[in-house]
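Working notes, structure below.
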Amino acid sequence: MLLWISLFACTSSPETPLTRAFPEGFRFGAATAGFQVEMGCPTRTDCVDPNSDWYAWVTDPRILEEDSLYVTGQTVEAGPGMWELFEEDVARMQADGMTAFRMSLEWSRLFPEAVPDGTPVTEMDAFAEPAAVARYQAMFAALRAAGIEPVVTVNHYTLPLWVHDG
């Protein structure tokens with residue numbers, strides 16, 4: 001499920017080994033985007049996120065036409081299921097020696113319903129979906145417990161539908 005890019009093929013020739021060391025404190029890790037990896041859970045019912053603009057796009061019948069040039073037609077339910085299986089993924093990261101993990105937040109999970117215009121940032125937590133907040137907190141806790149630094153991408157192109165419809 002995780003993308004692992006090998007840096008060991010960076011030698012000038014097969015006979016010349018790479019002698020440069022990574023700087024002290026360098027973090028090895030992996031990265032994902034929430035919409036691309038969260039859905040597809042084996043048992044959780046809250047896995048699919050229909051409140052995302054990308055979900056609406058990839059499930060639009062006009063996009064899914066037989067000769068579509070835009071999407072494969074594979075459903076989001078066929079995703080890797082990171083929303084449910086994250087702790088297993090963290091164990092794999094730790095076993096592979098990773099020390100950082102970059103992930104995005106799905107704002108459509110955190111704020112599935114429109115937030116009233118003019119709501120101050122300090123009052124936004126009243127509109128957040130408690131189950132999604134708890135799940136992301138559990139994900140960050142699992143990373144930290146494994147000695148892996150979470151790195152958050154604040155926006156990876158997906159938005160709640162209400163942002164467009166509002």
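Along the sequence shown, residues are numbered consecutively beginning with 1.
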To the closest 0.5 Å, what do you measure between OG (Ser52) and CH2 (Trp57)?
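So the gap between those two atoms works out to 12.0 Å.
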
What pairs with [X] under side-chain hydrogen bond (donor to acceptor under 3.5 Å, both in side chains), at least two apart in sequence or on another chain?
X: Glu129; answer: none
X: Thr158; answer: Glu106
X: Asn51; answer: none

From CA spacing to verdict: side-chain contact (heavy atoms from CB on, under 4.5 Å), Val90, Ile148
CA-CA 8 Å; Val90 170; Ile148 300 169; 4.2 Å; yes

Polar contact flag, side-chain donor to acceptor under 3.5 angstrom, Arg102-Thr32:
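Per modelled atom types, Arg102 and Thr32 side chains form no pair under 3.5 Å.
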
Of all residues at least two apart in sequence or in a different chain, which pass the side chain to side chain contact (heavy atoms under 4.5 Å, CB included) check with [X]?
X: Phe127; result: Phe111, Val115, Pro116, Thr119
X: Asn155; result: Trp107, Leu159
X: Ala33; result: Gln36, Ser104, His156
X: Val152; result: Leu105, Phe140

Heavy atoms only: give me the nearest [X]-[Y] pair and the separation to one decimal.
X: Gly40; Y: Cys47; answer: N-SG, 3.3 Å
X: Pro150; Y: Leu143; answer: CB-CD1, 3.7 Å
X: Ala128; Y: Val133; answer: CB-CG2, 3.8 Å

Do [X] and [Y] make a side-chain contact, defined as non-hydrogen atoms from C-beta onward lying under 4.5 Å apart?
X: Trp162; Y: Glu113; answer: no
X: Val163; Y: Asp53; answer: no
X: Tyr55; Y: Val48; answer: yes

Val151 and Phe26: same hydrophobic cluster, using ILVMFWY side-chain contacts below 4.5 Å?
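Val151 and Phe26: separate clusters.
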
If you look only at pairs with a residue in residues 88-140, which of them pass as a disulfide (SG to SG under 2.5 Å), with sequence neighbours excluded?
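Every candidate disulfide (SG to SG under 2.5 Å) pair involving residues 88-140 fails, so no pair, neighbours aside, qualifies.
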
Given ring-ring contact (aromatic ring centres under 6.0 Å, His included), test Tyr157 with Phe35 step by step and report yes or no.
CA-CA 9 Å; Tyr157 305 110; Phe35 183 79; over 10 Å; no

I would like to know whether Glu77 and Met39 meet side-chain contact (heavy atoms from CB on, under 4.5 Å); could you show each step before the answer?
CA-CA 6 Å; Glu77 291 83 6; Met39 294 187 263; over 6 Å; no

Any salt bridge (Lys or Arg N to Asp or Glu O under 4.0 Å) pairs touching residues 114-128, not counting sequence neighbours?
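Checked against salt bridge (Lys or Arg N to Asp or Glu O under 4.0 Å) - neighbours excluded - no pair reaches residues 114-128.
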
Quick test of your reading: applying salt bridge (Lys or Arg N to Asp or Glu O under 4.0 Å), list the pairs with at least one residue in residues 131-155, sequence neighbours left out, ordered by first then second residue.
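Residue pairs passing salt bridge (Lys or Arg N to Asp or Glu O under 4.0 Å), neighbours aside: Arg27-Glu149, Glu87-Arg135.
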
Check: residues 78-86 side-chain donor-acceptor pairs under 3.5 Å, at least two apart:
from	atom 1	to	atom 2	distance (Å)
Trp83	NE1	Asp46	OD2	3.4
Glu84	OE1	Thr43	N	2.8
Glu84	OE1	Thr43	OG1	3.4
Glu84	OE1	Arg44	N	3.2
Glu84	OE2	Thr43	OG1	2.4

Non-neighbouring partners of Glu38 that pass salt bridge (Lys or Arg N to Asp or Glu O under 4.0 Å), sequence neighbours left out
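Expected list: Arg109.
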
